[in-house]
Peer 1: 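Below is the structure I would like to discuss, written out as structure tokens.
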Amino acid sequence: MSSTLTLPLPDLVIGSEPPADAEQSPSVKALRSRFGDAIRAVRMDPVGTPVISMEPGRIHEALQFLKADPDQAYDLLLDVMGADPGGELVIQVWYQLWSMKHGRMLRLLASLPRSGLSIRSAVDLYATANWLEREVYDMYGVHFENHPDLRRILMPENYDEGFPLRKDFPLRGRFARSEQVKRALNRSTEDVYAREELALAGLLDDEAIAPRPDTMHETEDHLEGEKMVINMGPQHPATHGVLRLVLQLDGETVVRCIPHIGYLHTGFEKTCEYREWNQVIPYTDRMDYLAPMLYNIGYVLGVESLLGVEVTPRCRVVRVILSELNRILGHLLWLGTGAMDIGATTVFLYTFQERERIYNLHEAYCGGRITTSVTRVGGMVADLPVGWLEACREFVERLPKTLDECDRLLTRNSIWQSRMIDIGVIDADAAIDLGLTGPNLRGSGVAYDVRKARPYLGYDEYDFDIPVGKVGDTYDRYLVRLEEMRQSVRILLQALDSVPDGPINVSDPAVILPDKSEAMSSIDAMISHFKLVMEGLQVPAGDVWYSIEATKGELGFGLISDGGSKPVRCRFRGPSFVNLASLPHMVEGGLVSDVIACNASIDIVLGEIDR
Amino acid sequence: MEAISGTAFVVATIVKTLVFFVILLLGVALTTYMERKVAGFMQDRSGPNRVGPLGILQVMADGLKFILKEEVTPEAAHKRFFLLAPVLALFPATVLFGVIPLGSPLPTPWGRVDMIVADVPIGFLYVLGIASLAVYGVVMAGWSSNSKYSFLGGLRGSAQMISYEIGLAMSLVPVLMLAGNVEMPVLVSMQQSFAAGPGTYGVWFIFPLLLSGFFFLVSGLAETNRVPFDLPEAEAEIVGGYHTEYSSMKFGMFFLGEYFHLITTGALISVFFLGGWDIPFWRGDNIRVLADGTVIGDPAWWKTLLTMGAFTVKTTLLVVFFMFIRWTIPRFRYDQLMDLGWKVFLPALMLYIMLTAVAVFVLDRAQIVGPAFAGALFGLNLLLMLIFLYLLDRGRLVRGATAKTRAATATEGD
């Protein structure tokens, strides 16, 4: 049935082999020659990304150069993250960049003194910096000059306990519970609502946050009617979780859309700093609970890169199998709920039957269905049970039938097409500017997939294609995801044929707990067991920004270790967080129904947005 | 046989009203059960199966639940209209049923009893008039709830129902041309064949008026506010639409109203296009009462039962068809729905009415009558239907409305 797709063959973005020495990197050379005096240090991180520490004042200039210079062309800003390594009284801001053209990655690092937490905003260069910088501001209090909308994003706007991810902020908050309740009760209603919303409703005279003139909907007959502000969510059947959209409507036309997030914020990143490396894994489940194993795998891959541990061949293939199963799991949920949002209820049940089968495989492997926590640094929680691979193969072989069924039901359905074609169009340049990744970016025609660009887990050994769209509308994103599931089936069939025998875990006693029987019989094993349990896994000092291709896009892990058993910083770059920021660009000017279609097509999961 | 009159008429009418209403209520209850069973069947699951054998008592459990649930009236709602709206939603579908002939006349010792509660001379004009009232329930509910989502739903509902009201009415004009009468029993007899009396067509109107039947089916579906026309209550977009704020039995009345509407629409399609209570391929049931009171045919109580059975089967099949549609396709967007109603259906219907008028005129002049007349019209309709479906298909008329950038690729990709 893939013949219904007329997807073009993409020009793939393939990453180049990183040079052994950071100074050899062409980007570092170019920056040295132009900003030599501003560069404080240059090093290589464990995955071969040059890290350039610069004067904060020159960062914006350097970003501008890196984006504009054709020899650099760092057009995708993957992440802006803050970090508080503690001790040195500085707060770091990381800019993680990727060049589509040259397939190179680069990290700029600004260390700000606590007394002057201010840096120029990169929003004018990369639209995606908007929300990412807001998050850094929210968590660390870094002030981004010239940022158009520097407000808290995950914490409530009137949160007055400080900046949670700073090291001097206690884990449980500054105020006692009673104080928090007291303050919550004393809040005026106006405080609870976002200032933007009040401005839209005409209750606040503030020029700065009045509706943007460029998005003002022009009524054709110049009749200025009254506009309605409607609050979609946080409890709404189609926001896929506790997302709140403030919509300003002119009739049914959306004039302005303001997403509000943070309702599910539980401070995972803060909590992880108080957990040992392996104890972080259960938190990763709960971020993308629709494809939990991808998060499990991505996180341990990041930690393993810090450790310099290479997992066994069997483990690699098993991780690929689990990754692709979870990709299908996530995409099936998207297909079902997306169709339900548009009114086709039955597809939901069809996809959920298949999802149940995957959950059964989860359960057979690790006992958990949704929260799997299936990986360990250096391996997996256990080897595959007997018969699991056969059960998996049976599932994989029957899945295309369901996909074809849904395909036949939807793809050429007139109503389905008219609800999706030309809705929420984002062209390739805008998609890159907005930092979209995953199927959303590929729907816009950019063939960027981490599995091809920077292969991990031996993805380069598998034969699969990257589907891309033509226009970047909702329909293209639908087609891309549908095809991705078929490609996942291809990978799965290859992987299932090539599962090698051998141990699933590395045999390094400093990383993996020894076998229980061995620990009881051999003194060496007992000592290492004792040390690992009592001291925890020791990860050498260093930092890394590691990313994998999750269902929703590029899933990044910014990890800092000081050599101890707990991470100093554990940043999760949830792709949905960045992707959701593009929603207003898609829906403004459309109809209320398009908001639903676009929101469904972005495929968000609030767990990783709010963290 | 003489028609029933005097006191016996009054008694018969009361009995008929009670019996038909109970049948209808029972039918609605079973339809809600059937809807879930059909949905279950289509979605590879069992549907209700806990309460009673095969879950058939689920209906009672639901009814009980609706009544026992806490009733919430929003503080800011307009209380009087808020209360009136569910009543108005239920009312039209119920009273519509009164003019639908359900079977062949029943002979009794006191005279002939027509199987219709009220044989009003204005026939389907009454149907159209009453059906228009349904919009008041929706608008009133949407407005009086004082909630933005309800308001949007009410607005959508009123616009949609008024638009498709026109399709509904206009698709009946060709029926009028053929039948030459608006009385419902006459419509049924025109679709049967008789040895004596004025000429009839002898075939169901769905054949000579295929396109008309199609338009009526779609407009009727739009009037019931079900997928793909469930925009007034599109749960993914505007939560519950006009009945967002309703709870308990008030919500239950909207819910029942939908199923009343569903059955009534099925029954109307049966009468207009599927021969009403006529049993196909059998002449024994063809009974007709002429305007002067003479009865052609041979009424019998078992014929009445059989024809009522036939009518029930037709209506049920149509209802199941509506359910299949609901669980298969996605819903329209608001502007696409309006485009379809005003820019596609209205002009197409106008053209169709003109063509039918010309065809009827030509066939009349050519002295063609009865089944041959119907056959000729059927040929024309088949042709028109094919042209219409070709034009309607794949983005030629119905298309996304925001950007037109994709026009070329959209057609090329198909």
Side-chain angles (χ1 to χ4, degrees), chain A residues 4-7 228-232 235-239 247 249 251-253 337 339-350 352-353 409-410 412-425 427 470-471 473-476 479 587 589-597 599-600, chain B residues 38-45 147-149 151-152 155-156 159 226-231 234-240 244 324 326-340 389 392-414:
Chain A
T4 54
L5 294 167
T6 48
L7 297 170
M228 180 162 79
V229 177
I230 194 164
N231 198 16
M232 193 177 265
Q235 270 79 41
H236 188 279
T239 49
L247 301 175
L249 302 181
E252 285 242 350
T253 311
T337 54
M340 193 150 76
D341 285 348
I342 295 185
T345 337
T346 300
V347 179
F348 179 78
L349 272 296
Y350 288 176
F352 262 61
Q353 279 182 31
L409 201 52
L410 298 174
R412 288 167 69 79
N413 182 311
S414 222
I415 303 178
W416 181 258
Q417 287 189 343
S418 58
R419 284 297 304 275
M420 297 197 121
I421 290 176
D422 288 344
I423 306 297
V425 181
D427 61 25
K470 281 185 239 169
V471 187
D473 58 4
T474 309
Y475 192 63
D476 273 347
L479 289 179
V587 302
L591 298 178
V592 177
S593 311
D594 297 337
V595 176
I596 304 301
N599 189 34
Chain B
V38 168
F41 164 70
M42 295 189 68
Q43 301 175 341
D44 292 352
R45 53 188 180 87
S147 143
K148 288 171 178 173
Y149 286 111
F151 181 65
L152 274 179
L155 277 184
R156 283 180 172 195
R226 286 166 64 89
V227 170
F229 301 103
D230 69 334
L231 288 110
E235 84 283 342
E237 292 156 27
I238 49 175
V239 192
T244 307
F324 275 22
R326 169 167 182 182
W327 298 108
T328 306
I329 50 179
R331 80 169 65 83
F332 280 110
R333 205 175 59 188
Y334 179 64
D335 59 328
Q336 292 163 353
L337 181 88
M338 299 308 270
D339 281 359
L340 186 70
L389 286 184
L392 197 64
D393 196 27
R394 299 280 179 265
R396 284 188 185 83
L397 289 171
V398 186
R399 176 177 294 161
T402 32
K404 299 293 180 199
T405 50
R406 183 72 175 282
T409 23
T411 41
E412 176 201 295
D414 292 333

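By convention in this document, chain letters (A, B, ...) are assigned in the order of the sequence lines, proteins followed by strands, and residues within each chain are numbered from 1.
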Peer 1: Grab the two heavy atoms, one from B:R333 and one from A:S593, that are nearest each other, plus how far apart they are.
Peer 2: CG-CB, 3.3 Å
Peer 1: Taking the side chain as every heavy atom from C-beta outward, state whether A:L349 and B:M42 have any atom pair closer than 4.5 Å.
Peer 2: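 Not in contact.
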Peer 1: A:F348: which residues meet the ring pair (Phe, Tyr, Trp, His ring centres under 6.0 Å) condition with it, sequence neighbours left out?
Peer 2: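 For A:F348, the residues satisfying ring pair (Phe, Tyr, Trp, His ring centres under 6.0 Å) (neighbours in sequence not counted) are A:F352.
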Peer 1: For the residue pair A:Q353 and B:Q43, establish whether any side-chain heavy-atom pair is separated by less than 4.5 Å.
Peer 2: no
Peer 1: CD/B:Q336 to CG/A:L591 distance, rounded to the nearest 0.5 angstrom?
Peer 2: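 If I round to the nearest 0.5 Å, the distance is 8.5 Å.
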Peer 1: Can you tell me how far the CD atom of A:E252 sits from the CG atom of B:D335, to the nearest 0.5 Å?
Peer 2: 8.5 Å
Peer 1: Please report the closest heavy-atom contact between A:N231 and B:Y149, naming both atoms and the distance.
Peer 2: O-OH, 2.7 Å
Peer 1: Hey, what do you get for CZ (B:F332) to OG (A:S418), rounding to the nearest 0.5 Å?
Peer 2: 6.5 Å
Peer 1: Using the test side-chain contact (heavy atoms from CB on, under 4.5 Å), find all partners of A:L409 that sit at least two apart in sequence or belong to another chain.
Peer 2: A:V347, A:Y350, B:T328
Peer 1: Is A:Q235 close to chain B through its backbone or its side chain, or both, or neither, when contacts mean heavy atoms under 4.5 Å?
Peer 2: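 Nothing of A:Q235, per the 4.5 Å heavy-atom cut-off to chain B.
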Peer 1: Work out which heavy atom in A:I415 is nearest to a heavy atom in B:R331; give both atom names and the distance.
Peer 2: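 Closest approach of A:I415 to B:R331: CG2-O, 3.4 Å.
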Peer 1: Highest number of heavy-atom pairs under 4.5 Å with chain B: which of A:T346, A:T345, A:V595, A:V592?
Peer 2: A:T346
Peer 1: Rounded to the nearest 0.5 Å, how far apart are CG of B:L152 and CG of A:L249?
Peer 2: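 It is 6.5 Å, given to the nearest 0.5 Å.
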